[in-house]
Amino acid sequence: IMRGVPIPTAKWVTDNTEIKSEGNYKIDTDNYSTRGWSIVSSDLTKRMVKAHLIENHEYFFRVCAENKVGPGPVVETKTPILAINPIERPGEPENLHIAETGKTFVHLKWRRPDYDGGSPNLSYHVERKLKDSDEWERVHKVRTTEYVISQLQPGLNYYFRVAAINYAGQGEPIEMTEPVQAKDILGYIMTRDDAGKSYLVAVSSRSYHRWLYLSHCMALQSF
């Protein structure tokens, strides 16, 4: 069985000798289910040809060379060839998570799917939707396993999903189970004062990149 994407090409041999390109060639195809021959091409000067087939149908092929005298003997495939796509759709990506959020953006990261469908060249569709909406919005198509979605509305809850794509099509998406809100993440630092007897506490906003004084305490505590 000959399979492939794009459509396979073939070269023809007879008596263990490859048919050369001198003269013309006539190539026929036979639908195995109907056993009726139809001409693929009757004026080939090359040794390769693309035959447009119906998926999941079986075919026989035959070829003969011809010159000014006329056609020569016919060579026919001995077994039927099944027209199928050897590449399947990929599985869903893994470990979709939020790497970082800001006031108007979310940084998504994920891993390649375990199953690529037989095609290692993957790209990804990234989509979003509002929490109370049923319609997904295509954000971008990327070839990396991360993407920053910008221009989000502060205070609104979003769902995100990512689907892998190969030559066979798009696989099932992985979707975040909980809504995500675009907002600043606050971090804090604690340091001793000059006397070493108390602590200074400050917070930072990732969007503003500056520290703000929060508290002055005598012992470590939660904030």
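Counting from 1, the numbers follow the sequence of the chain as shown. As the structure is a prediction and not an experimental result, all values here were calculated from the model.
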### Task
Quick one: do Leu130 and Asp132 satisfy side-chain contact (heavy atoms from CB on, under 4.5 Å)? Show the steps, please.
CA-CA 6 Å; Leu130 290 171; Asp132 298 326; 5.9 Å; no
### Task
Please test Thr145 against Tyr124 for side-chain contact (heavy atoms from CB on, under 4.5 Å), starting from the C-alpha separation and ending with a verdict.
CA-CA 8 Å; Thr145 54; Tyr124 302 91; 3.9 Å; yes
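The salt bridge (Lys or Arg N to Asp or Glu O under 4.0 Å) test applied to Arg89 returns no partner, not counting sequence neighbours. Judged as a side chain to side chain donor-acceptor pair (under 3.5 Å), and not counting sequence neighbours, Arg143 has no contacts. Taking Glu92 as the reference, nothing meets the salt bridge (Lys or Arg N to Asp or Glu O under 4.0 Å) condition, with sequence neighbours excluded. Here Gln153 pairs with nothing under the side chain to side chain donor-acceptor pair (under 3.5 Å) rule; sequence neighbours left out.
Under the 4.5 Å side-chain contact rule for hydrophobic residues, Leu96 and Val126 share a cluster. Residue Ile149 is grouped with residue Ile98 when hydrophobic side chains (ILVMFWY) are merged at heavy-atom distances under 4.5 angstrom, including chains of intermediate members. When the side chains of ILVMFWY residues are joined at heavy-atom separations under 4.5 Å, either directly or via intervening members, Val180 and Tyr159 end up in two distinct hydrophobic clusters. Taking hydrophobic clusters as Ile, Leu, Val, Met, Phe, Trp and Tyr residues chained together by side-chain heavy-atom distances below 4.5 Å, Val106 shares a cluster with Leu156.
In this structure, Val74 and Val63 have side chains that are not in contact, with every pair of non-hydrogen atoms separated by 4.5 Å or more. When side chains are defined from C-beta on, Gln170 counts as touching His125, because their heavy atoms get closer than 4.5 Å. Within the 4.5 Å cutoff, the side chain of Ile81 has no heavy atoms near those of the Phe60 side chain. Inter-residue side-chain proximity for Thr144 and Val142 is flagged as met; some heavy-atom pair is nearer than 4.5 Å. Inter-residue side-chain proximity for Leu82 and His57 is flagged as unmet; no heavy-atom pair is nearer than 4.5 Å.
Listed by first and then second residue, the ring pair (Phe, Tyr, Trp, His ring centres under 6.0 Å) pairs involving residues 131-158 are His140-Tyr147 (not counting sequence neighbours). Within the structure, the salt bridge (charged side-chain N to carboxylate O under 4.0 Å, His left out) test picks out the following pairs touching residues 154-169 (sequence neighbours left out): Glu127-Arg161.
Remark: the backbone N or O of Asp116 is paired with a side-chain donor or acceptor of Asn166 at under 3.5 angstrom. Counting only distance, with no hydrogens or angles, the side chain of Thr104 and the backbone of Leu152 share no donor-acceptor pair below 3.5 Å.
For the pair Leu122 and Pro90, the tightest heavy-atom approach, listed with the atom from each and the gap, is CD2-CB, 4.1 Å. Of all heavy-atom pairs spanning Phe105 and Ser150, the tightest one is CB-CA, 4.1 Å.
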Can you list, pair by pair, the side-chain donor-acceptor contacts under 3.5 Å of residues 172-179, counting residues two or more places apart and other chains?
none

Compile the donor-acceptor pairs under 3.5 Å between side chains in residues 107-115 and protein atoms, sequence neighbours left out, one pair per line.
| residue | atom | partner | partner atom | Å |
| --- | --- | --- | --- | --- |
| His107 | NE2 | Glu146 | OE1 | 2.8 |
| Arg111 | NH2 | Glu94 | OE1 | 3.1 |
| Arg112 | NH1 | Pro120 | O | 3.4 |
| Arg112 | NH2 | Pro120 | O | 3.3 |
| Tyr115 | OH | Glu88 | OE1 | 2.5 |

